[in-house]
Amino acid sequence: MTKPIYVLNGPNLNRLGTREPHLYGSTTLAEVEAMCRAAAGGTALEFHQSNREYELIDWIHEAIDNGCAIVINPAAFTFTSMAILDALKMFSGPIIELHITNIHRREPIYHRSYVSLAATAIIAGLGAQGYAVAVRSALDLARAKSA
Ligand code: DHK
């Protein structure tokens, strides 16, 4: 793909590696980024994390104008942000919603995702490895769309 894939991460994911390792494992965000870049092969990849909702929205707007696919782990914004949902609705390519944990096996507050209303597919519960699966799947979907 000539256009980059955007991998976007929401709040507290900068603490991966030491954050509740019994839930999120010991893989750091830097290691996740390396896994994503390896999975992307020759396709460029924009990898970002922010604890600020507006920055995630700005990166989604960049993807609208320049990206082939979005992989997003919105973290807690999954369950609260209509603004992120509205931004994702403007993106015409594949969107993979990713969660390290199986959010549907956790407390009820984690069961209703706004982002799922815009996602092409959802990956939840594969741990950090889910990012590589999501990147490969997003690229396959983007290639199929452009074929
Ligand atoms: C990450 C978070 O930070 C939580 O707020 C979500 C998600 C779960 C994950 O599993 O990657 O509830």
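Since we're looking at a predicted model, the values are computed, not measured. Indexing begins at 1, ligand by ligand and atom by atom, following the structure's order. The first residue in the sequence is number 1, and the count goes up from there.
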Next on the checklist: Between N73 and H99 (side chain of the first, backbone of the second, donor and acceptor by atom type, cut-off under 3.5 Å), is there such a pair?
Outcome noted: no
Checklist entry - Taking all non-hydrogen atoms of both residues, which atom of A128 and which atom of I100 are closest, and how far apart? => result N-CG2, 4.0 Å
Checklist entry - Does I100, backbone or side chain, put an N or O under 3.5 Å from an N or O of ligand 1? => result yes
Checklist entry - atom 5 (O) of ligand 1: which protein heavy atom is closest, and how many Å away? => result A76 N, 3.2 Å
Next on the checklist: Please check: side-chain N/O of R37 versus main-chain N/O of L45, any donor-acceptor pairing under 3.5 Å?
Outcome noted: yes
Next on the checklist: Just to confirm my output: which protein heavy-atom neighbour is closest to atom 8 (C) of ligand 1, and how far is it?
Outcome noted: R106 NH1, 3.5 Å
Item to check | F77, Y131, Y24: member with heavy atom nearest to atom 2 (C) of ligand 1 | outcome: Y24
Next on the checklist: Within the 4.0 Å heavy-atom shell around Y110, which atoms of ligand 1 are there?
Outcome noted: 12 (O)
Item to check | Donor-acceptor contact below 3.5 Å, side chain T120 vs main chain I96 | outcome: no
Item to check | Structural part of T101 in contact with ligand 1, heavy atom criterion under 4.0 angstrom | outcome: both
Item to check | For F79, atoms of ligand 1 separated by under 4.0 Å from a heavy atom | outcome: 6 (C), 12 (O)
Checklist entry - For ligand 1, is any non-hydrogen atom under 4.0 Å from E107's backbone (N, CA, C, O), its side chain (CB onward), both, or neither? => result neither
Checklist entry - Sub-3.5 Å donor-acceptor pair from the side chain of N51 to the main-chain atoms of N12, do we have one? => result yes
Checklist entry - Is it true that a side-chain atom of S81 and a backbone atom of T78 form a donor plus acceptor pair closer than 3.5 Å? => result no
Next on the checklist: Could you check whether any side-chain N or O of E97 sits under 3.5 Å from a backbone N or O of I123, counting only pairs where one atom can act as donor and the other as acceptor?
Outcome noted: no
Checklist entry - Any idea which part of L23 is under 4.0 Å from ligand 1, heavy-atom wise: side chain, backbone, both or neither? => result neither
Next on the checklist: As an exercise, identify every atom of ligand 1 less than 4.0 angstrom from a heavy atom of R19.
Outcome noted: 2 (C), 3 (O), 4 (C)
Checklist entry - Hey, is the main chain of T28 close enough, under 3.5 Å, to the side chain of E31 for a donor-acceptor pair? => result yes
Checklist entry - Does N73 have a non-hydrogen atom less than 4.0 Å from ligand 1? => result yes
